[in-house]
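Whatever order the structure lists them in is the order used to number ligands and atoms, beginning at 1. Side chains are part of it too, since the values below use all heavy atoms of this structure and drop only hydrogens, waters and symmetry mates. Position 1 is the first residue of the sequence; numbering continues from there.
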Amino acid sequence: MKISKEHFKKEYRRSLTSLYASEIHDLTPLEQYITLGSVVKDYTAQNWMQTKKEYQQDQAKQVYYFSIEFLPGKLLKSNLLNLGILDKVREGLAELGVDFAKLEAIEADPGLGNGGLGRLAACFMDSMATCDVPGNGNGIRYRYGLFKQKFVNGYQVELPDDWLRHENVWETRRENKAEIVRFFGDVHLEEDANGQIKPVYSHTEDILAVPYDTAMTGYENDTVNNLRLWSAEIPPSEEMDYFSEERRKSIHSISEMLYPDDSNYDGRLLRLKQEYFFVSAGVQSIIRYYRKLGVPMEHLAEKISIHINDTHPTMCIPELMRILLDEEGLSWDAAWTITMKTCSYTNHTIMAEALEKWPEQMVSNLVPRIYQIICEINRRHLDSMSPLYGVNFTQRTAIIQDGIIHMAHLAIIGSHSVNGVAKLHTDILKEKALHDFYLAYPARFNNKTNGITHRRWLLLSNEGLSDLISDYIGTEWKKKPNELYLLKAFKEDSVLLEKLEQVKFENKQRLAAYVEETMGIEIDPNAVFDVQIKRLHAYKRQLLNVLHILSMYLKLKESQSGEEIVPRVFIFGAKAAPSYSYAKEIIKLINAAADMINNDTTIDNKIKIVFVENYGVTLAEKIIPAADISEQISLVTKEASGTSNMKLMLNGAITLATLDGANVEIRDKVGDENMLLFGMQDAELYHFYDSNSYHSHEIYDHNPRLKRCIDALVDGTIPNIEAEGREIFDSLLKYNDEYFVLKDYDSYVQAQSRIDGLYRDRKKWNQMSLLNIANAGDFSSDYTIMNYADEIWNVHHNKNL
Ligand SMILES: *Cc1c(COP(=O)(O)O)cnc(C)c1O
């Protein structure tokens, strides 16, 4: 897009006059931000219309990515980057006396996701637009995003995230594209005049689903795709008559709040309502679009691909069946063939508590017609499988078992593709978690290792490193990120290595200033910045990290002379689900340890703990460029992929990791010697499970140093923890340490102890850092998306990337 600086300045002035009828300097920063946003939105609007027109003219096959979460981060800077006008706009604003950084800070970070799942969906939107994949996001416009986290006396407190308080400049409300979603009531089947069986509904509760569209801009390619988020409103027919306050609340509650939990199944009716709400609205709008193409319904799968991101949108399958059967009058077999060809499913977890299961009676009550269709899918599945595989095997794959509907089973049976999100994870799906399904449908199973957009996670968040890279290998890597590989040639270039160290140092200084300003903690940018940022969950083992910190601290206290260690800053960022009390106890423990250690003047600032409040995309963008160590220490097999591992690697951090999730593939790229690996591997863990032979107490009894740290939880060593210390202590010993923290402890401490020596050898360290960056390009979500496009969706993408 050709926009000159002068043109921008003119547009900015014109826009602020028309919005506020004021001079620049009379505007508040918020007003200046909104003005800028509206100018940028104008710039994208042309491409947005054009892209839509081209897709329609070409009748290009479209992908609809259904996800109950999207975590896009702020859009101002990324839109400017993608339009190719970031520098011009920054300069133009400066000439007008406006500080871009200040405006950037005002934008709300849409927290419409919990963590990795929602962030993946956002990276995919970015990559689809950049790779010219005709892609659409479909989700919920939550009035309140994930809670805002505060610490009070070390405890997590949750506050509402009122992200829409100020105008959201990026969204466009499209009332004319609204859909009606039906809940409850009775349904029975009747034959109509043509002998067609049709459902007749009575006493339903109808909701109006209104879409809000947000432009997803591609990187310097003029493609703009659409993210459509649905909001629940009162249907027009009801505005006058039987409107009650109670009914209004019940309707609005559907898109009111994001569920603050991504790893525990929550059986609340409202969650099921949310799922059907965005699925039904989305699928109806797809069919409405498709009908306008004038292509027979039988060809749907040639024009449309519906992707089910985790099980939450699984009702896409029965909803599409419903429309094909009830509205299009197709036979069951015809509808089923179309549905299977159209739908594909990504599995994100093997953790039992996260697998969605709904009571049959709840589904039949809330969405009776969908329930009938699920029953029929199940019945036909059993009928066709039993003769081939026998009754027992077939029963294990049933969708409905003992009154419970298994959403993952429905997703697999109704899709032509089932993918895991890293090699190890996909292998586990095939061999263990979904083994029966793999035997029945081997061709459906495939791997698509997650990725991250290097635009947000390097170009935007680490401009210093981006510029340094371009100085050495040119700028092609920005469009073809695997060209980062060219950096390998400079492995012995001491000038580059020193510059790399310098960029990292400046990023650490920036983060240190931010930490000092916001938390009042002074940290030294010469220390090793050791980072663990992710949701708080037992399987991610933040506890292992803290136990090691305690042991480091106690050792430092004991060796009077003050052992020479490289100063270390441990940085944590993590929210715990409000109902997950164990996770909240770990937060309290980390904060209590931070209080004790940060205020202990006898250790000469050798260790600091920084636990940032309210971890989210914006904070991740500040922390990641400053990281030296990336903690990826989950219990092996439990982290399906992980993506913060990729972001940190891309920014030159050294990964300290178990061979879990995508860490395995990071190892395959950089080699063991450029990582710090530790811990059990999957075979050993499965052996423990099979033989029931793990006894954490034995380790505790035989390891005095570990014992000392664990005892610190309950013996008063750490001031200010009471019940939570005991609960954590009991989880490790009385309840036999479900996540094998004690088992991996020694090996973790050993890996940790290598860091100082490596870090002191600055050249060696910088080389490792460089090789991590050089090998990170393959984890760009651009490649992930092109693999989805080729191997699952069969849609067009730009072949030149
Ligand atoms: C990348 C990201 C995650 C995922 O982190 P993992 O370590 O892979 O769990 C979670 N939250 C935010 C804000 C992220 O940017």
Side-chain angles (χ1 to χ4, degrees), residues 67 69-74 78 108-127 145-149 161 163 258 260-263 309-310 348-349 351 354 421-422 424-425 449-458 460-462 530-542 544-545 571-577 583 612-627 629-635 638-651 653 655-658 660-666 776 779-781 784:
S67 180
E69 301 188 2
F70 284 92
L71 203 49
K74 298 184 181 194
S78 85
D109 180 347
L112 311 186
N114 275 284
L117 177 90
R119 185 53 234 174
L120 184 77
C123 282
F124 281 5
M125 291 310 299
D126 187 83
S127 286
L146 185 61
F147 65 86
K148 230 168 81 186
Q149 179 194 53
D161 168 40
W163 73 290
L258 167 75
D261 203 326
D262 59 348
S263 52
N309 188 34
D310 210 341
H348 283 267
T349 182
M351 305 247 301
V421 291
L424 176 65
H425 171 61
T449 300
N450 283 167
I452 53 162
T453 166
H454 63 287
R455 288 166 290 280
R456 181 167 297 270
W457 298 111
L458 180 52
L460 288 167
S461 58
N462 197 345
D530 184 326
V531 172
Q532 187 171 21
I533 43 174
K534 48 187 75 251
R535 280 302 284 258
L536 212 138
H537 201 287
Y539 83 79
K540 293 179 184 273
R541 299 198 299 190
Q542 280 93 351
L544 180 58
N545 191 342
I571 297 168
F572 291 90
K575 288 180 184 177
V612 298
E613 280 175 330
N614 203 35
Y615 176 63
V617 173
T618 301
L619 267 168
E621 288 171 304
K622 289 188 201 297
I623 296 168
I624 290 169
I629 298 285
S630 162
E631 299 260 2
Q632 307 298 337
I633 61 179
S634 53
L635 173 61
K638 298 295 187 247
E639 188 74 271
S641 162
T643 50
S644 76
N645 46 2
M646 302 167 185
K647 300 167 196 166
L648 284 152
M649 171 195 192
L650 180 64
N651 283 268
T655 312
L656 169 55
T658 50
D660 198 14
N663 302 343
V664 177
E665 289 151 81
I666 292 179
F779 293 108
S780 169
S781 46
T784 315

First locate atom CG of Leu619, then atom CD1 of Ile624, and finally report the distance between them rounded to the nearest 0.5 Å.
10.0 Å
Regarding Glu639 and Tyr539, is there a side-chain donor-to-acceptor distance under 3.5 Å anywhere?
yes
Ligand 1 contact on Ile533 by region, counting heavy-atom pairs under 4.0 Å
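Ile533 to ligand 1: backbone contact only, side chain stays beyond 4.0 Å.
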Could you tell me whether the side chain of Asn309 reaches within less than 4.5 Å of the side chain of Phe124, counting heavy atoms only?
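The answer is no, as the side chains (C-beta and beyond) never meet within the 4.5 Å cut-off.
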Around atom 9 (O) of ligand 1, find the nearest protein heavy atom and jot down its residue, atom name and distance.
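The closest one turns out to be Lys540 NZ, 2.7 Å.
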Nearest-contact summary for atom 8 (O) of ligand 1 - protein heavy atom, Å:
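For this ligand atom, the closest protein heavy atom is Thr643 N, 2.7 Å.
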Arg456 vs Val617, test: side chain to side chain contact (heavy atoms under 4.5 Å, CB included). Steps then yes/no.
CA-CA 10 Å; Arg456 181 167 297 270; Val617 173; 4.2 Å; yes
Residue pair Gln532, Ser644: steps toward the side chain to side chain contact (heavy atoms under 4.5 Å, CB included) verdict
CA-CA 9 Å; Gln532 187 171 21; Ser644 76; over 6 Å; no
Enumerate the atoms of ligand 1 whose separation from the nearest heavy atom of Gly116 is less than 4.0 angstrom.
3 (C), 4 (C), 10 (C)
With heavy-atom distances below 4.0 Å as the criterion, list the atoms of ligand 1 near Trp457.
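Ligand 1 atoms under the 4.0 Å threshold to Trp457: 15 (O).
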Applying side-chain hydrogen bond (donor to acceptor under 3.5 Å, both in side chains), name anything that partners Ser634, two or more places apart in sequence or on another chain.
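Per chain and number, Ser634 pairs via side-chain hydrogen bond (donor to acceptor under 3.5 Å, both in side chains) with Asp660.
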Pairs of nitrogen or oxygen atoms closer than 3.5 Å, one from [X] and one from ligand 1: do any exist?
| X | answer |
| --- | --- |
| Lys534 | yes |
| Ser644 | yes |
| Lys647 | yes |

